[in-house]
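Order of the sequence lines fixes the chain letters, A, B, ..., with proteins taken first and strands second; residue numbering starts at 1 for each chain.
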Amino acid sequence: MTEHEREGASGREGGERPTGDAARADLSARALAKADPTPREVVSAWWRRVRAAFAAWGPDWRAWRAAAAADRVRRSVRARDRVAGLPVWGWLLLATAVALGVRLYYFFVQAGIHYPDEMMQYLEPAQVRMHGFGWLPWEFNGGVRNWILPGYYGGLMELGEALGLRGYTLHSALVLHNALLTLLLVPAGYRLGRAVGRGDERLGILAAFAMAAFPPFAYFAPHTLSEVHGLLFTTWAYALWAEQVAFPDEFGRDRKAFLVGLLLGAAFLCRYTLVIFIPLVALDYNFRSRFRELGWLAVGLGVAMAVLGVVDAATWGRPFHSLIGYFQYNVLKDGSAEHGIMPRWFYWNEAFVGRLGFARWLLLGPMVLTFWRHWRMILAWVIPFAAMTAIKHKEERFLLSIWPFVLVGALSGMLVLADALRHVGEWKKRRWFGPVRHAAVACLLAAVCVWAFVGTRKLPMRWLGGVFAAQSWVGQQPDATGLLLDERQHLNGGYMIMNRNIPLLQYNATIVQHRIYNYVAVHDEKLIRTMEGKPEFRVVGQFEDVMVFRRTDGLVGGGERAGERTSGRAVER
Amino acid sequence: MRLRWSRLGRAGWPLLGLYLAVVGAATAVFAGRRPVPETSRYSVPAPLPGVRTNFAALSGGAVLRVSSFDWFHSHHPLYAIDEQAKPDKTEKWATVQKDRAPWIEIELAVRVDVDEIDLVLAGAFEAKEFTNRDFVVRCLRDQGAGETVVAKREVSGNEDPRPKVPLACPGTNRVRIEFLVEPIGKSRDVARVYEVSVWGKPAAP
């Protein structure tokens, strides 16, 4: 009698014919013992095994579920030591090294901005608060933004200036800081993947590498955008929530639920639209009758809201002033549409088709084919995707927070399909088949990353980089009394980059005659020719495509550096 | 059953705490700042002795401090000393509405025997009802604990968009003008100054 047959014979005593569940278990054991079962036989055998296990534990499904959870934890603890010859912490260190390399690449390759908000919504307000001069957009005139992220960056700027950093070098330090901060995605991805895989360390490690190498994360990382912080908060929140789903009797569930609420609340404070990530978690707690965790989730959210109330009261004079203003402008008046209405399928066309190309099917295919294993991850990105699609004003960065769940769901599907191959064909007997299956999944992930890298290159890499460099250089000139740019007021580095309290305006043919504007930085070819034709101006610098002109009859003298001419790319990092 | 964490994983929490503590302390310093906007100091030639000059000019090396300025509309304080004869409407110093006690202080490059302070107010280029009516001009010497008010003149009910305030201030190095503004929503709820001139001769050493 084989081992399988002995297992299937539970409850059978000498000469009895097995009936009911025992019979089914017998059949499944016989099916697996066959040399080459068909896929249908594999599925049938699996289903019979599940039913037999369920029956063995009896009708108390809660006890069965608790036992299954404990079994998962035991498997996780046992598997903790090594995966493919390397300890888990070794894999995570390797993933962190990959993440660091990718992020440093994007840090050095990029210059300027991805979107004006990263300067004018966060750094410039901090600059105004610190030094008393700057330019702020309409949101800070009307109180539609809170001061939490500007305050955070203000703290970082205090540290930077204490170390002697100013202007463009301070900005470079801040974006490098953000890039390094996103390394926290690696452990978050590991915990999320391991939880989704019910203790499967392989999925955790693959998810860690996905967070490390996925180019859109690394592209957006060296930018002072609220979406970067929102991404970190939502990923960690969902990782902790997924652990609670996978290991429901885990110690510290109240603390975890509180942290989930606090992190989701923090994401909300960074970007109010990230509120869309909260309902799924709350509903899940509710439907699983985890009312205690639901309560702690609410407490965590409440703490975040209390912080917002205090900050708004201190800065705008009224608790929740910015949230009310945001709601009135964006929801009641649909004001966001004034900033551009995008087609309905913008997110699909840009984020999936444009960025991933064919690789989108490498992600979506396995995810959908094995949806029952990770349906929470599917909802985690489909719900925000649908909600964002309903809003008329769309920008690709708004969708940044969904990518961890797309990747983990896809990797989960890939592993399920790879594991299913164990029962198919002659290869399952080969020792190398296991490593080959896992390598195939890793290769698929690598292919997705390579495709996304190609797609990400279509995003602006050095938008306004020359303007930033020109502003920074002019700000260092001792005789600078005014600067004109051929960009609108919000499309430049602001006073934070210029680090000089002088008028900064958009060029026009009238005001350029006034002597207070003794520096002009333009990149439009027609304007460059116009400026070259003015005898009172001469070229003193070039930064990428931006030419800098200096007035020879300015209001103040030249100073020691006024006669220099400089050229080169935007500040080399 | 508890999930075991490696030492490396457990070390993350104290590191995170340290990071939050440092950034939190720096943010507290940031939140406590009350900066006064100040313009840059420029190197200029020394004034000719005995020659009456406008010392509150950018070309004279004056430095400005203001209580506020309307950054949203780019009404930078430097416009008040740019000696622009026909400025654009943007090219004036204007304060923000929530600044209920607007002032501008001109730090002169050298000590001056001031004899007159001239202003060009909004009515010179805009509607007359925007002209600030009430202001106080103070001549100051030195700063901080050693500060001395050399002379002071209060102006009330001014309708002249280009008021000239004769004020003898020997040995002055700072001139401060404080405006009394009307309630928010009125025509004169902010200060609007196109030009400030401080006339005098360099003080004897």
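Looking at Tyr152(A), its side chain never comes within 3.5 Å of a backbone N or O of Val23(B) through a donor-acceptor pair. Side chain of Arg129(A) to main chain of Ala31(B): a donor-acceptor pair is present (N/O by atom type, distance under 3.5 Å, no hydrogens or angles). No donor-acceptor distance shorter than 3.5 angstrom exists from the side chain of Asp82(B) to the backbone of Ile516(A), with no hydrogens or angles considered.
Between Ile502(A) and Thr39(B), every side-chain heavy-atom pair lies at or beyond the 4.5 Å cut-off. Considering only heavy atoms from C-beta on, Leu181(A) comes within 4.5 Å of Tyr19(B) through its side chain. With contacts defined as side-chain heavy-atom distances shorter than 4.5 Å, the pair Met130(A)/Pro35(B) does not qualify.
Ranked by heavy-atom pairs shorter than 4.5 Å toward chain B, the options Pro137(A), Gly155(A), Gly554(A), Gly482(A) are led by Gly155(A).
In this structure, chain B has a heavy atom under 4.5 Å from the side chain of His177(A), while its backbone stays farther away. Only the side chain of Glu91(B) comes within less than 4.5 Å of a heavy atom in chain A; its backbone stays farther off.
Interatomic distance, Ser43(B) OG to Asp479(A) CG, rounded to the nearest 0.5 Å: 8.5 Å. For the atom pair OG1 of Thr481(A) and OH of Tyr42(B), the computed distance is 5.5 Å after rounding to the nearest 0.5 Å. Atom CD of residue Gln84(B) and atom OH of residue Tyr517(A) lie 8.0 Å apart, to the nearest 0.5 angstrom. Rounding to the nearest 0.5 Å gives a distance of 9.5 Å between CD1 of Ile81(B) and CG of Leu555(A). To the nearest 0.5 Å, atom CZ of residue Phe133(A) and atom CD of residue Glu38(B) are 10.0 Å apart.
Interface with chain A: from residues 57-71 of chain B, residues Leu58(B), Ser59(B), Phe69(B), Trp71(B) qualify, criterion being any non-hydrogen pair under 4.5 Å. Identified by a heavy-atom distance below 4.5 Å to chain A, contributing residues of residues 110-119 of chain B are lacking entirely.
For Asn499(A), the side chain to side chain contact (heavy atoms under 4.5 Å, CB included) partners at least two apart in sequence or on another chain are Arg166(A). Every residue meeting the side chain to side chain contact (heavy atoms under 4.5 Å, CB included) condition with Pro166(B), not counting sequence neighbours, appears here in chain and number order: Arg153(B).
Electrostatic pairing of Arg33(B) and Glu158(A) counts as a salt bridge here, judged by a charged N lying under 4.0 Å from a carboxylate O.
For the residue pair His514(A)/Asp88(B), the side-chain donor-acceptor check at 3.5 Å is not satisfied.
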